[in-house]
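For reference, the structure discussed in these notes is given below.
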Amino acid sequence: MRFNSVSSILALSGVLILASCSSSKKLVDSDFMPTTESIEEVVSKIPNYSETLTSAKGKGRTIVSEPGNSDRVTIEFETDSFLSLLKIKNRIGIEGGLMLVDEDSILIYNKIDKVAQKISILDGRMTSLNELASVNLLDLLNYKISVDEVDQVMQSSTDYYLRFKNKGSALINKKSGLVESVTQLPDSGLPYSSIIYESYGEIENYILPRKITIFSADGDSKIIFQVRSLELNPEKLNLSLKIPTDIPIRRI
C-alpha cells in the first residue's frame, strides 16, 4: 500500500504505471571466459569522477512503470555527494511534490494535499519513485565500482563481466570502460535489482549516461530516467526542502 500523499502527487501528474519489466538488453553473455587481466586492471578502466565531479543539477523525463499502469513525469533535480532534491512536475508543468534524499531516508512533501512524510530508503515500494529517489543521483550518474567489491572478472569479445562479493554483478564495455548494467540479488538489501545504462555522451569532459533504467528489488516495476539537461559542478545548489511550520512531518 502506498502512502496517500505520494499517490496524490503521482495522480496529479497522471502517473499510473505499466508492467513491462523485461529488459531488451542482455545482462550476461553466455560466452564469457576467464581473463588474464587482474581485477585491479579492469576496475581502473571504469570512469570514477568522485574527486572532480561533486555536484550536478538538471532535468529529466521519467517513465514510471508497474503492473497494470504507466505514465510519465518531469523531474528537476539538484544533487551533491550527500543529498538529492527532486521536484516532481506533471505533463503541463504543475509542481506536485518534492523529495529530499539523504543516505538513510526520503523526506516527501506533497504540495497538493499538504502532507509531509519521512520514510527509510529501504522501504522499497513505499513510493512509485523510490528506485530513483533512494539512490544518490550523483552516484547514479557515475556508478563507481571499487576493487574491494569484486570477486571475479570474466570477459567476452566486447564486455567484462564483474562478479561482486555479494553475488551481484556488473557488465562493463571493454573498449570504453563504461558501465552497461549492474545487477543485485533480492537479498542484497538494496532498493533495486538492476540498473541499465545507455546513451552515454560527453559533457564538460565527463562521459555520463543520458538514459538510465532502474528495476525494483522485486523486479515487478521500473523507472526509465532520461536526462534532458545537465549542469555539472554548478556554483550554487538548493538542497533544502522547506515545509510550512503548520504541516507536521509523519515518520513511517
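Screening Lys87, Arg228, Lys89, Arg61 against Glu76 for a salt bridge (Lys or Arg N to Asp or Glu O under 4.0 Å) leaves a single residue, Lys89. Checked options Leu100, Leu86, Val101; the residue passing with Ile106 is Val101 (criterion: side-chain contact (heavy atoms from CB on, under 4.5 Å)).
Under 3.5 Å, the side chains of Asn238 and Glu78 contain no donor-acceptor pair of N or O atoms. For the residue pair Ser84 / Thr79, a side-chain donor-acceptor distance below 3.5 Å is found, with atom types taken as modelled. A donor atom on one side chain and an acceptor atom on the other are found under 3.5 Å apart for Thr52 and Tyr206. Side-chain contact of Ser146 with Asp148: a donor-acceptor pair under 3.5 Å is absent, judged by distance alone.
Proximity of a side-chain donor or acceptor of Ser216 to a complementary backbone N or O of Ser221 within less than 3.5 Å is detected. At distances below 3.5 Å, at least one donor-acceptor pair connects side-chain atoms of Asn136 with backbone N or O atoms of Asp80. Asn110 places a side-chain N or O within donor-acceptor distance of the main-chain N or O of Ile112, the cut-off being under 3.5 Å. Checking side-chain atoms of Asn233 against main-chain N and O of Ser55 turns up a donor-acceptor pair under 3.5 Å. Judged by distance alone, the side chain of Tyr161 and the main-chain N or O of Ile172 form no donor-acceptor pair under 3.5 Å.
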Test log, rule side chain to side chain contact (heavy atoms under 4.5 Å, CB included), inputs Phe82 and Leu239: CA-CA 10 Å; Phe82 305 99; Leu239 292 173; over 6 Å; no
Candidate pair Thr62 and Val64, rule side chain to side chain contact (heavy atoms under 4.5 Å, CB included), full reasoning: CA-CA 6 Å; Thr62 304; Val64 190; 3.9 Å; yes
Residues Lys59, Phe77; criterion side chain to side chain contact (heavy atoms under 4.5 Å, CB included); working and verdict: CA-CA 6 Å; Lys59 180 187 294 186; Phe77 63 89; 5.6 Å; no
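One distance of note links OH of Tyr143 with CG of Leu138; it measures 14.5 Å at 0.5 Å rounding. Here the CG atom belonging to Leu162 is positioned 9.0 Å from the OG atom belonging to Ser169, to the nearest 0.5 angstrom.
We find that Lys45 and Glu37 are joined by a salt bridge, their nearest charged nitrogen and carboxylate oxygen being less than 4.0 Å apart. Between Lys165 and Glu149 no salt bridge is recorded (no basic side-chain N to carboxylate O distance below 4.0 Å).
In this structure, the side chains of Leu185 and Lys167 come closer than 4.5 Å at one or more pairs of heavy atoms. You'll find the side chain of Glu180 stays beyond 4.5 Å of the side chain of Tyr197, heavy atoms only. Inter-residue side-chain proximity for Thr213 and Ile195 is flagged as unmet; no heavy-atom pair is nearer than 4.5 Å.
There is no path of hydrophobic side-chain contacts, each under 4.5 Å, that joins Ile63 to Ile212. In this structure, Ile224 is not a member of the same hydrophobic cluster as Leu230, with clusters built from ILVMFWY side-chain heavy atoms closer than 4.5 Å.
Heavy atoms from other residues, nucleotides or ligands lying under 6.0 Å from CD of Glu202 number more than 12. Other residues, nucleotides and ligands contribute over 12 non-hydrogen atoms within 6.0 Å of the NZ atom of Lys144.
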